[in-house]
Amino acid sequence: MPTHAGTPRTEVPGEALIEVRNVTRVYHRPRTSLTRPGAAVHALRDVSLTVRRGERFGIVGESGSGKSTLLRLLCALDRPTSGTIRFDGQDIAGRPEKRLRFLRENLQIVFQDPMSSLDPRMRVRDLVAEPLAALGLPAAERVSELLEQVGLPAEAADRYPHQFSGGQRQRIAIARALAPRPKVLVADEPVSALDVSVRGQILNLLADLADELGLTLVFVSHDLSVVRHVCETVAVMRAGEIVETGPVDEIWAAPAHPYTRTLLEAVPTLEGLL
Ligand SMILES: Nc1ncnc2c1ncn2[C@@H]1O[C@H](COP(=O)(O)OP(=O)(O)OP(=O)(O)O)[C@@H](O)[C@H]1O
Ligand SMILES: [Mg+2]
């Protein structure tokens, strides 16, 4: 695992599950003149990281640092410009969708805003069962079990997303993500659209589920205190690069990179609330 120069950090034991090696992603802005090409944006520059089985891995950084781009690549929703990404030993970066079934079954995503990630016209029962149907897996019995796992009553199955609070909607989104029994749950800012009062509950739910189900968690936030609450390992991103990575408690106690120090000073928003 790469670390900030000169600061060896303790390795988390366990087998590598996700291996990102030297990944770069360049986007091209639309051209604004006939003679000049659109500007190139290096969303990721030479990023390498390893997520181990059962690990809770946080990615932290300011807006525009490349967190969501990295997640999209891990989920094979986008391709790297160069570099490799392996999931459970298999290269996913260049594969066509029809050869990604193993990834779709084993990796599920929770998005930032449950209001826009859940179809408002569908009942909770169908929303939660949808990923199973998409993979041709049986859904009967599973929905009430999933609702219970995320702390919702069985009657929730017959209601629509707008009949729930923001925190409850995020619980529905988590139930839906857990439906195919994935090994990995990927979450992009899963509490930043929620009221501060329920953020702690949703973070605790994710951490408890990861424990109970032996999930590997890849968790993105701009807030290091949120990452620290849920994750054991963190990678700190800045301008498309990982500037520091290692056990979150060690980095919290003694950040090696000046940028991590500024993050620490800027965002202790959850302290006292959890
Ligand atoms: N499809 C795209 N086309 C062009 N540029 C893009 C595209 N997606 C991302 N970018 C650029 O890549 C950089 C990284 O964006 P990304 O969304 O990964 O950041 P982020 O860390 O998730 O930020 P935020 O905290 O605001 O969600 C930004 O400069 C962004 O403008
Ligand atoms: Mg983002």
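FYI, side chains are in, hydrogens and waters are out, and symmetry mates aren't considered; it's all heavy atoms of this structure. Source: prediction; values computed, not measured. Remember, it's 1-based here, ligands and their atoms both numbered in the order they're listed.
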Q | Geometric class of the His257/Tyr259 ring pair [parallel <30°, tilted 30-60°, perpendicular >60°] | A |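 Answer is perpendicular, since the angle exceeds 60°.
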**Q.** Options Ser221, Ala40, Ser63, Gly66, ranked by nearest heavy atom to atom 19 (O) of ligand 1, top entry
**A.** Gly66
Give the atom numbers and elements of ligand 1 that come within less than 4.0 Å of a heavy atom of [X].
X: Arg29; answer: 31 (O)
X: Ser65; answer: 19 (O), 21 (O)
X: Ser68; answer: 17 (O), 18 (O), 20 (P), 22 (O), 27 (O)
X: Glu62; answer: 21 (O)

Q. Quick one: does Glu265's side chain have a donor or acceptor within less than 3.5 Å of a partner on Thr262's backbone?
A.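 Side chain of Glu265 to backbone of Thr262, a donor-acceptor pair under 3.5 Å: no, none is there.
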(Q) Quick test: of every protein heavy atom, which one is nearest to atom 1 (N) of ligand 1, and how far off is it to 0.1 Å? (A)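 The protein heavy atom lying closest is Tyr27 CE2, 3.7 Å.
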Q: Considering only non-hydrogen protein atoms, determine which one is nearest to atom 23 (O) of ligand 1 and report residue, atom name and distance to 0.1 Å.
A: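 Answer for atom 23 (O) of ligand 1: Gly64 N, 2.8 Å.
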Q. Is the distance between the Mg ion (ligand 2) and the nearest N/O/S atom of Ser68 smaller than 2.8 Å?
A. yes
(Q) Does the protein come close to atom 30 (C) of ligand 1 - that is, does one of its heavy atoms sit below 4.0 Å from that atom? (A) no
Q.
Please work out, at 4.0 Å between heavy atoms, whether the side chain, the backbone, both, or neither of Val41 comes within that distance of ligand 1.
A.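 Side chain only; the backbone of Val41 stays clear of ligand 1.
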Q: Check Arg72 against ligand 1 and report side chain, backbone, both or neither, counting heavy atoms closer than 4.0 Å.
A: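 Side chain only.
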Q: Return the minimal non-hydrogen interatomic distance between Val110 and Pro190, and the atom names on each side.
A: CG1-CB, 4.2 Å
